[in-house]
Amino acid sequence: MQELLRLASEGVAGHPLADALLRLALRQPQVTRAYYLAWQPATGTYAELGSAERLPPGQGDPLAASDAELHARLAAGGELDLAELRRLPCWLAGRLRRAGICQGVALALELTPGAPGLLLLELEEAGSGLAGWLAQLLGAVLLLARQQLRPSPLLDADGEPSLLLDGAGRLLDRNRAAHQLQQDCGVAEAGTLLPVNHAALLHACLQQRRAIGPVSVEVAGRILLWQFVPEPASGRVLARGRDASEQIRSERAAARASRLYRLITENTTDLISRHTPGGRFLDASPASWTLLGYWPEQLRGSALKALLHPDDLALMREAREVLEQHGYHTLSYRLRHRDGSYRWFETASRAIRETYTGAVVEIVSVSRDITARVQGEEVRRRLAEVIEATTDLVLFIDRSGAITYLNQSARRTLGLDEGQDAPPLAALLDAGDLHRLLDSGLPCAERSGVWESDMRLHPPRGADSLPVSLVLLAHASASDAGYFSLVARDMTERELRETQMRHHQDELAHTARLITLGELASGIAHEINQPLAAVVNYASASQRYLQQVADDPQAASRVAQGLERITAHANHAAEVIRRLRAFLRKEPRRLQALDAAALAREAVRLCAWEAGNSRVAIVELLPDNLPPVYVDRVLLEQVLLNLLRNAIDANREAHPHAASTIRLQAALEADGQQLSISVEDQGPGVSEDALAHIFTPFYTSKADGLGLGLSMSRSIVEGFGGELLARRQPGGLCLVCRLPVAARGEVAEPGEPHQQQQ
């Protein structure tokens with residue numbers, strides 16, 4: 001009822017008023033269904049108002065539909081029973097029949113003045129007196145609402161939403177703008193539009209006799225601002241509001257932007273500053289402390305000129321002129337830090353001009369510390385100068401091996417003119433070296449950063465190749481590709497020095513062999529004297545047998561046997577001399593794949609008499625299936641002979657009048673990649689201090705020794721790519737010679753010692 005009164009008093013018509021009327025009717029227990037239909041003069045029919053379920057259409061052509069007779073009957077009587085209405089020749093009668101509405105009443109009722117309509121009620125019992133009573137009640141309610149609760153003319157004239165409230169916060173009146181706002185927000189009660197504490201605000205407003213506000217409230221996505229104005233005499237309060245959604249959202253966005261700008265300004269690492277056209281600081285961001293050592297308060301009012309490097313004053317004058325003409329300028333210069341050091345800055349400045357005159361009134365600058373960048377560029381410039389000035393060849397290559405840069409030394413060495421394109425890397429290296437560089441060097445450099453190797457570089461145009469020591473370096477770049485640098489050092493002089501050193505070493509080795517042969521002279525003489533004495537004996541016997549040939553038939557056969565034995569002993573002496581000549585041979589070093597066991601046996605033969613004379617037995621543990629090693633035959637034989645003679649001397653020193661043994665052993669190590677030949681004696685051994693100097697030139701423990709044997713032997717073995725080590729053991733000293741095994745497919749050369757064994 002209150003809702004119907006309120007809507008009618010506010011002049012609300014149409015569907016909202018019809019819905020309120022129907023809800024009131026349906027509250028009566030005898031009413032099962034209710035419809036309100038408004039008269040449509042244009043079509044001559046009744047149509048439903050409100051959100052209630054619609055009646056089905058009538059029968060026949062809708063264009064020929066008419067409720068004119070029903071309208072006339074209601075205008076005359078004001079009430080019609082539904083049973084009688086269903087018999088009328090009208091469109092609504094057919095709709096009732098199709099809807100199954102049989103008993104009830106149709107009441108003529110105007111929701112708004114001058115707008116005829118009818119209230120259709122379906123009742124549980126026919127003939128009830130409810131219909132007449134309800135019609136009178138509704139008519140009286142609508143009439144009372146229209147006559148006594150008219151809106152205030154002052155409120156209705158206000159374009160902003162206004163509510164008239166009593167001291168307790170009850171709604172007394174409202175204008176059309178408030179009603180429209182209520183509908184737009186989709187709220188049922190006008191009080192929902194007010195702040196939740198509006199009762200306290202009303203009380204304070206009346207008590208303090210002053211207006212309170214504006215107070216904001218958010219309803220249905222709208223932001224409303226309310227002003228509460230008191231009427232102390234009547235105890236009422238006028239709540240006047242307005243929709244400030246756009247304004248407040250704009251203000252909030254501006255506040256957020258302002259906070260964001262402040263956060264950016266206060267937290268950026270760049271210095272944001274404002275200056276007068278003359279160059280004095282107006283303001284600066286807090287980054288001034290980090291970059292210059294001054295707080296913004298200390299910079300305000302100071303001149304930028306006081307911080308400038310003396311050499312950059314001309315740049316600042318030029319920047320001022322450019323800003324005056326173009327309004328924007330970027331320059332790099334130096335400013336003095338508070339600690340006295342100068343730092344490089346890059347500053348972008350923009351001129352702020354006066355609107356009407358165009359004069360520059362302010363300069364806004366953003367400065368960045370580029371000291372590290374300037375220093376880095378200076379370091380890169382110096383490195384570039386070093387690379388261009390170095391005598392080493394420097395080449396930049398990519399992952400595919402293409403050359404992208406050559407320094408001046410590389411261009412001179414390769415005979416390339418300035419600006420001439422670099423040849424492909426395949427034209428500068430052998431196929432095997434190029435394959436090793438790309439397949440092994442690049443991955444290794446990417447993993448560990450560096451890869452080294454010795455190669456030969458072939459300049460174009462048929463120039464002589466040169467040996468180089470190559471260092472490959474991997475570098476990261478801004479892109480994912482990366483690049484590599486090749487640093488090649490010309491090793492021609494080193495190669496010449498190494499050749500000379502090998503020549504001197506070979507001369508020294510030959511001299512050492514002559515000395516060794518002199519020391520073995522007695523043993524060699526004994527080994528030669530034995531077959532010569534046998535030859536003399538067999539020759540004398542053969543002469544005697546020749547004199548008896550006439551008398552003794554068997555003398556001829558004995559002479560033949562003697563000649564055979566003479567030949568055998570002569571060949572044995574010749575073999576001894578051949579071995580000595582081969583050992584003393586002086587010729588260039590010749591590396592070849594040889595049988596190390598056979599060479600070891602030759603060395604044993606050369607010192608066999610010396611060992612036997614000293615009661616030293618040499619135990620040979622030399623397998624016959626060892627792979628060959630790539631060495632020079634004479635030099636390796638000299639090394640082994642030196643090791644054996646040192647062992648004989650050690651045994652003779654420790655056991656002067658007793659028998660002793662030396663173990664000569666050969667075996668494979670390092671998964672078959674190295675051949676180890678060891679000589680173990682039973683001598684007195686050496687101390688830890690002596691062991692550390694045993695390979696030092698001119699260091700010896702012998703009274704008549706020179707101290708060059710082991711030093712020279714180590715140099716020879718290292719020249720083969722191996723190593724010579726000394727190891728202490730409880731019963732003497734063990735010297736180990738490790739040599740790399742020859743590559744697969746290499747076999748011992750024909751005619752070498754292992755094929756000449758007797």
Side-chain angles (χ1 to χ4, degrees), residues 1-39 46-56 70 74 77-86 92-93 95-113 115-151 168-174 178-179 182-183 185-193:
M1 179 68 74
Q2 291 179 354
E3 183 182 11
L4 183 62
L5 288 173
R6 180 175 59 79
L7 293 175
S9 66
E10 294 172 354
V12 177
H15 296 290
L17 190 59
D19 285 338
L21 176 65
L22 295 176
R23 283 195 293 270
L24 180 60
L26 289 172
R27 288 181 181 177
Q28 307 304 316
Q30 292 185 357
V31 177
T32 56
R33 278 189 285 183
Y35 301 91
Y36 182 82
L37 296 91
W39 173 249
Y46 285 96
E48 294 92 332
L49 282 182
S51 57
E53 181 182 359
R54 296 295 189 263
L55 293 171
L70 173 60
L74 288 175
E79 180 180 343
L80 188 63
D81 186 80
L82 291 187
E84 184 178 355
L85 192 154
R86 286 164 57 95
L92 184 58
R95 299 179 70 187
L96 292 178
R97 289 194 296 271
R98 297 190 67 180
I101 300 176
C102 300
Q103 57 186 17
V105 63
L107 304 172
L109 185 64
E110 292 183 358
L111 281 181
T112 57
L118 66 87
L119 178 62
L120 185 66
L121 302 176
E122 183 185 29
L123 304 176
E124 292 183 353
E125 298 180 2
S128 172
L130 174 66
W133 173 81
L134 187 59
Q136 294 177 2
L137 175 62
L138 293 176
V141 167
L142 291 175
L143 180 60
L144 182 63
R146 295 190 191 105
Q147 292 179 352
Q148 297 183 2
L149 298 177
R150 300 292 298 171
R170 291 188 293 268
L171 180 65
L172 300 177
D173 203 354
R174 63 177 172 176
H179 172 68
Q182 182 179 347
Q183 287 186 327
C185 292
V187 296
E189 300 292 337
T192 310
L193 301 174

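A quick note: this is a predicted structure, and the numbers were derived from the prediction, not measured.
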Inset, instruction - Show your reasoning for whether side-chain contact (heavy atoms from CB on, under 4.5 Å) applies to L107 and L74. - result: CA-CA 7 Å; L107 304 172; L74 288 175; over 6 Å; no
Inset, instruction - Indicate yes or no: at least one non-hydrogen side-chain atom of L118 is less than 4.5 angstrom from one of L80. - result: no
Legend entry - Check: C102 main-chain N/O paired with E122 side-chain donor or acceptor under 3.5 Å: no
Legend entry - Atom pair CZ/CG of R86 and D81 - distance to nearest 0.5 Å: 10.5 Å
Inset, instruction - Could you grab the distance from atom CG of L22 to atom CZ of R27, nearest 0.5 Å is fine? - result: 12.0 Å
Legend entry - Residues L82, L123; criterion side-chain contact (heavy atoms from CB on, under 4.5 Å); working and verdict: CA-CA 10 Å; L82 291 187; L123 304 176; over 6 Å; no
Legend entry - Rounded distance (nearest 0.5 Å) linking atom CG of L120 with atom CD of E48: 9.5 Å
Legend entry - Point-to-point distance, once rounded to the nearest 0.5 Å, from CG of D19 to CG of L24: 12.5 Å
Legend entry - Closest contact, heavy atoms only, G50 versus H15: N-ND1, 2.7 Å
Inset, instruction - Would you indicate whether the side-chain heavy atoms of Y35 and I101 approach each other to under 4.5 Å? - result: yes
Legend entry - Shortest non-hydrogen separation from A25 to L121 and the atoms involved: CB-CD2, 4.0 Å
Legend entry - Side-chain heavy-atom pair L49, L21 within 4.5 angstrom cut-off: no
Inset, instruction - Would you mind reporting whether V105 and L119 have side-chain heavy atoms less than 4.5 Å apart? - result: no
Legend entry - Reported CZ-to-CG distance for the pair R95 and L37, which is rounded to 0.5 angstrom: 6.5 Å
Legend entry - Spatial distance of atom CG (L109) from atom CD (E79) [nearest 0.5 Å]: 12.0 Å
Inset, instruction - Please confirm whether the backbone N or O of A52 pairs with a side-chain atom of R54, one donor and one acceptor, at under 3.5 Å? - result: yes
